Amino acid sequence: MREIRRDEPSQNFNRNCPQSITLFEGGPDISTKITIVDYDHQFYYVLLKEELEPGRTYNFSLDFESYLDTDGTGFFRSSYIDEEGREIPVALTQFEANGARRAFPCFDEPSFKATFECHIAREESMSALSNMPLVETSPVEGQEGWLWDHFRATPSMSTYLVAFVVSDFASNVTETAEGLPYTAWCRNQEIKHSNYALDMGPEVLTFYAEYLRVPYLMPKMDIAAVVGFEGAMENWGMIIYEEDFMLFDPEVQTEADKQQVTKVISHETSHQWFGDLVTMGWWSHLWLNEGFAKYMEYLGANHVHPEWNMLDQFVVDVVQYALEVDSDETHSHPVIQNVSSTEDISTIIDDITYKKGGSLNRMMNHILTEQTFVEGINSYLMEYQYNNAYQDYLFEHLTIAGHEDGNLPQDMTMKQVMDSWTLQAGYPVVTVNRSEDGTSAIVSQKRFLFSNESTDEETWWVPLTYTSQDNPDFHHTQTMIWMTDEEREITIGSLPQKDQWVVFNIQETGFYRVNYDDNNWDLLLQQLETDPEAIHHLNRAQILDDYAHLSRAGYLSYSSAMDFFAYLRKEREYLPWASALNHLDYMELMLSDTAPNEPFKKFLLDLIVPLYEEFGFEVKDNMDQQEQFKQMLAIAWACDLGHENCIENARRLFNDWMESPDEVNSFISPNIRATVYCSAIAEGTVNEWNFAWNQYLRSSSQSEKHRILEALGCSRDAEVLLKFLISLAKNISEDLDEYASLLIGLSKQKVSENIAWRENNYDVILHWLQEHNYAPSLRNI
Ligand SMILES: [Zn+2]
């Protein structure tokens with residue numbers, strides 16, 4: 001599943017419950033004496049007339065009635081508007097984590113695996129899909145115009161992965177390399193945009209089967225894009241996506257959108273093994289699903305687009321993001337967390353489970369080496385296929401592989417190492433204090449927290465790697481020295497003389513931060529200022545990220561952090577920039593409404609202008625993805641910081657569009673549209689705003705609608721914004737995503753943010769959301 005939260009409206013459980021029960025074995029009916037429904041804990045108790053005898057087979061049958069709600073859980077109803085403006089219904093499922101019980105009676109926990117035979121009655125004009133292929137269709141007796149679809153029984157699987165979709169969707173079919181049918185489904189007017197998914201989906205499915213050396217074990221794959229579905233769900237053989245996560249329209253969507261679609265499809269596809277074939281025994285071990293899917297998502301995307309450099313992007317997108325979340329006591333928690341009630345499940349669908357989980361998989365890969373890691377994963381999947389597993393099972397298989405290959409010391413186990421990372425919250429900052437002559441260092445560990453109030457109790461098994469200026473090697477990422485959980489500090493020798501730098505945590509493969517003594521930091525700064533390329537680009541991103549966060553937590557000073565940021569004028573690689581701008585964005589927010597605000601903006605502009613001048617607004621066909629991303633960053637920042645030439649260009653492009661409203665695709669490249677819209681509306685008058693609003697109403701593309709809505713919030717005209725918020729709250733559709741886009745846009749603007757809050761419009765929106773029985777949640781992208 002993608003990381004989105006779902007709240008379980010327990011009142012719906014009352015509506016969907018068994019009506020009558022029979023339990024029999026051949027002759028006598030020994031059904032219920034009494035039944036009790038515990039609505040709070042979602043249990044249904046049946047007290048029998050007689051005791052059951054062990055060893056005999058009983059049949060248990062329930063009449064069950066359930067209703068299609070519209071809340072996105074269980075078997076629910078959605079709809080879309082077709083080309084003629086008619087509202088067309090779609091019925092579909094979202095069972096993770098505990099929605100299956102709302103569609104049919106079942107033991108609705110992941111370890112109760114069973115086979116499922118689905119029979120779905122539908123109107124002739126619709127079609128039904130499920131996990132398995134259709135066997136036959138027959139008329140529904142006594143109901144003219146209705147048909148039964150009978151599906152083949154599934155293999156043994158968990159309830160939360162059962163799925164069905166009833167719709168009038170168009171389809172587009174291809175085959176995997178193994179000859180299995182792979183079909184994309186969506187509303188007719190979007191079907192041409194499923195071509196990209198249909199190209200890369202089967203390729204990534206075959207890649208995983210080969211990489212893991214475990215075949216894809218279902219007889220087909222269906223993928224469906226559904227308006228009104230939130231996120232994506234990896235149902236076995238029947239993946240469901242929200243449209244933006246499966247469909248790709250190169251005329252409207254950006255290079256970042258394309259990467260997003262690639263990652264989400266790779267993510268859900270990898271779940272066919274991690275989650276569907278081998279399932280966590282209980283929700284507390286969810287990271288075995290999601291940590292793997294997050295990691296495999298980048299491997300899959302890297303296979304389809306090796307030129308995108310996805311494995312390196314993982315460091316900034318996932319590792320550094322997880323490190324930040326895990327630094328904050330209010331968000332940090334152990335990867336393995338007790339989940340005792342159904343309500344608790346939603347609390348672990350978060351960045352710790354997904355992104356820290358994914359980072360730990362990458363760390364294990366580098367501890368053991370790729371080959372040994374895959375060897376361990378393969379034997380783990382083979383042993384527990386069609387079954388359930390806990391993290392200890394995984395660690396056992398990795399340990400055996402590590403010992404066999406000699407890549408894990410015989411006196412160590414992966415459980416020993418990894419328990420320290422999964423059973424306790426947080427991670428360490430490793431401090432390297434070099435001796436007077438530089439040739440040795442005391443290396444210590446301590447939990448890193450923004451509050452800088454670590455109690456010193458926690459320790460980890462830290463895989464240390466390092467290299468130095470006299471003999472730089474940024475490719476050897478296997479553990480060089482272990483710091484055990486019993487060692488708060490160790491001494492390392494054989495380092496270079498004091499005028500040569502050292503860098504620890506090569507390519508940031510370990511899930512920890514590094515701090516150095518002042519002298520080593522100075523040497524690193526000099527290197528970055530003179531010849532940054534001498535340090536691997538991932539370690540440049542790491543140095544910036546660690547320095548900034550160590551400053552935020554008070555270990556180091558912000559004035560030196562600024563020195564480090566200043567070297568960016570020389571930086572030409574995307575990832576160090578992306579890493580730095582994440583933090584500069586945070587600083588800009590913190591500094592707003594303060595005295596240093598304006599000078600800080602000048603500083604930022606000074607950094608960004610060389611990058612802006614390198615690319616400008618010209619979109620060239622031969623730009624690789626990293627160049628496109630750099631251009632997007634440079635333009636977004638330059639315009640936001642008020643760079644004259646940038647704003648002029650944005651307004652010129654927007655004016656061209658206003659003169660030919662149907663020609664946006666030929667005027668403005670999708671990559672730069674968000675910035676062009678936002679800048680033109682921010683700097684423009686009510687005319688620009690009204691034009692964009694009309695375009696928003698006219699557009700049928702979900703991506704374009706979100707983009708325009710975000711830009712509408714860029715206006716600096718308080719009156720316009722206020723009218724906008726009120727009319728939106730009153731008139732617009734029930735799509736929560738649209739509010740989310742608006743709020744994201746507003747939050748970018750201090751002036752509009754103030755207006756929104758001062759005038760209590762936020763309350764208007766909140767009230768609306770409550771009335772519609774939604775919890776306020778933002779799109780989690
Ligand atoms: Zn997932």
Side-chain angles (χ1 to χ4, degrees), residues 254-257 259 313 316-317 320-321 532 537 540-541 544-545 548 561-562 564-594 596-619 623 625-654 668-684 707 710-711 713-716 744-753 781:
T254 64
E255 186 68 11
D257 294 330
Q259 192 188 93
Q313 285 193 48
V316 175
D317 294 356
Q320 293 186 352
Y321 193 99
H537 71 129
R540 305 208 291 278
L544 289 168
D545 191 61
M562 294 292 284
F564 275 87
F565 287 129
Y567 104 87
L568 284 166
R569 288 187 201 95
K570 283 208 154 82
E571 183 57 75
R572 285 294 166 266
E573 289 283 338
Y574 167 68
L575 289 170
W577 268 107
S579 180
L581 287 173
N582 284 340
H583 197 79
L584 291 167
D585 198 26
Y586 166 82
M587 287 172 74
E588 196 193 7
L589 187 72
M590 292 298 110
L591 291 172
S592 55
D593 280 343
T594 64
N597 187 32
E598 283 310 311
F600 183 69
K601 285 187 167 178
K602 274 188 197 147
F603 166 73
L604 289 180
L605 204 50
D606 200 29
L607 291 186
I608 210 87
V609 163
L611 203 59
Y612 171 76
E613 284 172 351
E614 185 182 336
F615 295 106
F617 274 67
E618 196 187 347
V619 178
M623 287 166 81
Q625 190 185 61
Q626 310 257 308
E627 283 178 313
Q628 294 184 52
F629 283 1
K630 273 191 285 182
Q631 182 183 38
M632 286 162 83
L633 279 181
I635 293 178
W637 276 81
C639 278
D640 184 53
L641 291 164
H643 187 257
E644 261 178 45
N645 181 270
C646 186
I647 288 169
E648 244 175 63
N649 274 313
R651 296 194 69 175
R652 178 178 50 77
L653 287 169
F654 197 87
I668 317 174
S669 150
N671 279 354
I672 61 175
R673 254 180 237 175
T675 300
V676 168
Y677 297 177
C678 183
S679 305
I681 288 171
E683 302 291 328
R707 185 155 48 209
E710 271 191 53
C714 295
S715 172
R716 297 199 179 129
I744 290 165
L746 288 180
S747 67
K748 288 178 181 165
Q749 286 286 335
K750 195 68 189 165
V751 53
S752 43
E753 197 182 29
I781 293 176

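Please read these numbers as outputs of a predicted model, since none were measured by experiment. Because only heavy atoms are used, hydrogens play no part in the values below, and waters and symmetry mates are left out as well, while side chains stay in.
- Here the closest non-hydrogen pair linking A541 and Q320 is O-NE2, 3.3 Å.
- In plain terms, the two heavy atoms of R540 and P576 that are nearest each other are CB-CG, 4.0 Å.
- We find the CD1-OH distance between I672 and Y677 to be 10.0 Å, quoted to the nearest 0.5 Å.
- In this structure, CG in L607 is found 9.5 Å from CH2 in W637, a value given to the nearest 0.5 Å.
- When atom types are taken as modelled, the side chain of D257 and the backbone of T254 share a donor-acceptor pair closer than 3.5 angstrom.
- Shortest non-hydrogen contact noted between R707 and A674 is CD-N, 3.7 Å.
- For the 3.5 Å distance criterion, the side chains of E614 and Q631 fail to qualify, holding no donor opposite an acceptor.
- Residues L544 and Y567 are in side-chain contact: their nearest non-hydrogen atoms beyond the backbone lie under 4.5 Å apart.
- The backbone N or O of N645 lies less than 3.5 Å from a partner atom in the side chain of N649, making a donor-acceptor pair.
- Taking every heavy atom of both residues into account, G642 and I647 meet most closely at CA-CD1, 3.6 Å.
- Using modelled atom types, one side-chain atom of R673 and one backbone atom of I668 make a donor-acceptor pair closer than 3.5 Å.
- With contacts defined as side-chain heavy-atom distances shorter than 4.5 Å, the pair L611/E571 does not qualify.
- Across the pair C678 and C639, the gap between the SG atoms, which is the quantity tested here, reaches or exceeds 2.5 Å.
- Rounded to the nearest 0.5 Å, atoms CG (L633) and CH2 (W577) are 8.5 Å apart.
- P610 and R572 get closest at one heavy-atom pair: CB-NH2, 3.8 Å.
- Put simply, the side chain of F629 reaches to within 4.5 Å of the side chain of Q259, judged on heavy atoms.
- When each of L568, L584, D585 is checked for a side chain to side chain contact (heavy atoms under 4.5 Å, CB included) with L604, only L584 meets the rule.
- To the nearest 0.5 Å, atom OH of residue Y612 and atom SG of residue C646 are 4.5 Å apart.
- Side-chain N/O atoms of N671 and Q628 include a donor and acceptor closer than 3.5 Å.
- F615 has its side chain within reach of M623: a pair of non-hydrogen atoms, C-beta onward, lies under 4.5 Å apart.
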Inset, instruction - Mind running side-chain hydrogen bond (donor to acceptor under 3.5 Å, both in side chains) on Q625 and Q313 for me, showing each step along the way? - result: CA-CA 11 Å; Q625 190 185 61; Q313 285 193 48; 3.2 Å; yes
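- Rounding to the nearest 0.5 Å places CG of D545 at 4.0 Å from OG of S579.
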Inset, instruction - Under the salt bridge (charged side-chain N to carboxylate O under 4.0 Å, His left out) rule, what do E573 and K630 come out as? Steps first, then yes or no, please. - result: CA-CA 8 Å; E573 289 283 338; K630 273 191 285 182; over 6 Å; no
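- Rounding to the nearest 0.5 Å gives a distance of 12.5 Å between CD of E648 and OG of S679.
- Looking at V316 and Y574, their side chains never come closer than 4.5 Å, going by heavy atoms from C-beta outward.
- With a 4.5 Å cut-off on side-chain heavy atoms, M587 and M562 count as touching.
- At a cut-off of 3.5 Å, with distance as the only test, no side-chain donor of N582 or Y321 sits close to an acceptor on the other residue.
- The aromatic rings of H583 and F565 sit parallel to each other, their planes meeting at less than 30°, with 60° as the upper class boundary.
- Considering all non-hydrogen atoms of both residues, G616 and I635 come closest at O-CD1, 3.3 Å.
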